[in-house]
There are 2 protein chains.
Amino acid sequence: MTETISDPIDTKQGLVTKQSLLDAAEALIAERGVAGASLRAITTRAGTNLAAANYHFGSKQALARAVIARHLQPINSERLRLLDEAEAASGDAGPSLETLVGIFVGPVVRFGRELPDGGRHFAQICGRAMTQPDPMLRESLLGELAEAIRRFRAAFSRALPELSPEELLWRIQFMVGTMAHTIAGSQMIEAVHGDELDTRDLDSLVDRLVRFLCGGLSAPMEVSQS
Amino acid sequence: MTETISDPIDTKQGLVTKQSLLDAAEALIAERGVAGASLRAITTRAGTNLAAANYHFGSKQALARAVIARHLQPINSERLRLLDEAEAASGDAGPSLETLVGIFVGPVVRFGRELPDGGRHFAQICGRAMTQPDPMLRESLLGELAEAIRRFRAAFSRALPELSPEELLWRIQFMVGTMAHTIAGSQMIEAVHGDELDTRDLDSLVDRLVRFLCGGLSAPMEVSQS
DNA sequence: GTCTATATGGGGATAGAC
DNA sequence: GTCTATCCCCATATAGAC
């Protein structure tokens, strides 16, 4: 029963501290923003101290980057894996628009399901990150996203052959914006419409988003006269 | 030629200082975010000092609120005025979907045209504000928006009678998100796609946005089998 | 790996002279 | 209305003992 607190065979305690810091940072950054979440508050919540955070991450900014990367990397891998599968299954025609949008949107919205907070904190941070003032954070996020965007751009261009490359790029931008704003938290919905909407039913949220985005992405270039 | 620097008949000098502070705050908040733009930096850029800012606005938060309200109020008045006009002109049927979306999106995107910076700073702040961590700022923005949202919700429900109230509300939320993210600045587009897109041609941007949003708002509830 | 204590700098707000 | 000087608090990061 030797209580090997810091057994050299593993660094279990170190990993636990790191995890606690990431969890605390995630919650506080979601609540107060990157600038508003002080290392003091984060380390207190994590049950450690300033020195530990700098020992494990080197700086506050690096901690913030780690918070984003921790979940975003698996999400993007999942997206690319699903895209590969769909492309293999669909032959020469390529996956349908609905399939592509579902693959792009689904993992982000649904990913947090098994997390203790349902992924709400991460989703909020991630949705805000793209318009974040701090350029380092933005670039860190965009770096993770770049490959996925390129892959999806090619796939969308097959599913929407009538769009010019420029128009397609704009529509992808609009799609990302819709998604980002949705997962960043619908403060507006709750504020303006009270509790009319259930923001917790993620499955039907994904369905609604996919419908809306498919309609927007496939909109005709000429305004209908109906 | 009595140089009445502080003539009691008007408070011109005070107004100039106030304006400079708003201009400086707008630029710096757009660049660095609310938390990142210190009053010291703002007042230096405005050519004054800390005390002046607190004299005119009372606090940093109030200054930030004033920055948003200064342009948002005219934008929302314009939106409501255009909506009134369109409703009067369209009779019982109500304005078309395209008309409504154009009225909702146009003023925000186009408003800054006559501003010295083309409205870019304000647009960026405004697009970020809805997902801002600071609750006071968010609520201030939502307060300005609430009436417009309610009016447009009623108008959209006439133009899209086949949608359930809940689905319509979600789609409005998606629309606002697309718009907010678009005006918040397309860091993504520039980062991922280089200079492939022209982010300065506001007229065609509005056209593209309206097309996309009309497609999304009017998307059928059942996924097409095509 | 973890902690206490501290170095160093910057923040918002205000008092009081002009 | 404007400014200088200052109060007081909080931030990040690190040194050095354990």
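Please read all numbers here as calculations on a predicted model, not as lab measurements. Residue numbers start from 1 in every chain, and the chains themselves are labelled A, B, ... in the order their sequence lines are given, proteins ahead of strands.
- In this entry the distance linking CG of A:L21 with P of C:dG1 reads 13 Å, nearest Å.
- Sorted pairs that involve residues 54-65 of chain A and meet salt bridge (Lys or Arg N to Asp or Glu O under 4.0 Å), not counting sequence neighbours, are lacking altogether.
- Contacts of residues 23-33 of chain A with DNA chain C (heavy atom under 4.0 Å): none.
- Across the protein-nucleic acid pair, B:N49 atom CG and D:dT4 atom P stand 6 Å apart, rounded to whole Å.
- Annotation: salt bridge (Lys or Arg N to Asp or Glu O under 4.0 Å) contacts of B:R45 (sequence neighbours excluded): none.
- Among residue pairs with one or both ends in residues 30-66 of chain A, none qualify as ring-ring contact (aromatic ring centres under 6.0 Å, His included); sequence neighbours excluded.
- Using a 4.0 Å cut-off, no side-chain N or O of A:T48 falls inside it from OP1 or OP2 of C:dC3.
- With rounding to whole Å, A:F57 atom CZ is found 16 Å from D:dA13 atom C1'.
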### Summary
Counting primed atoms, P, OP1 and OP2 as sugar-phosphate and everything else as base, the B/S/- map of nucleotides 5-18 of chain C against protein heavy atoms under 4.0 Å is ------BBBBB---
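- Remark: B:R70 pairs with B:Q19, B:L22, B:D23, B:E26 by the side-chain contact (heavy atoms from CB on, under 4.5 Å) rule, at least two apart or across chains.
- With sequence neighbours excluded, no residue satisfies salt bridge (Lys or Arg N to Asp or Glu O under 4.0 Å) with A:D134.
- Among residue pairs with one or both ends in residues 106-118 of chain B, those qualifying as side-chain hydrogen bond (donor to acceptor under 3.5 Å, both in side chains) are B:R110-B:D203, B:R113-B:D203, B:D117-B:H121; sequence neighbours excluded.
- From A:M130, atom CE reaches atom CD of A:Q132 across 11.0 Å, with rounding to the nearest 0.5 Å.
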Review item, side-chain donor-acceptor pairs of residues 30-43 of chain B, under 3.5 Å, at least two apart:
residue: B:S38; atom: OG; partner: B:A41; partner atom: N; Å: 3.1
residue: B:T43; atom: OG1; partner: B:L39; partner atom: O; Å: 2.9
residue: B:T43; atom: OG1; partner: B:R40; partner atom: O; Å: 3.1

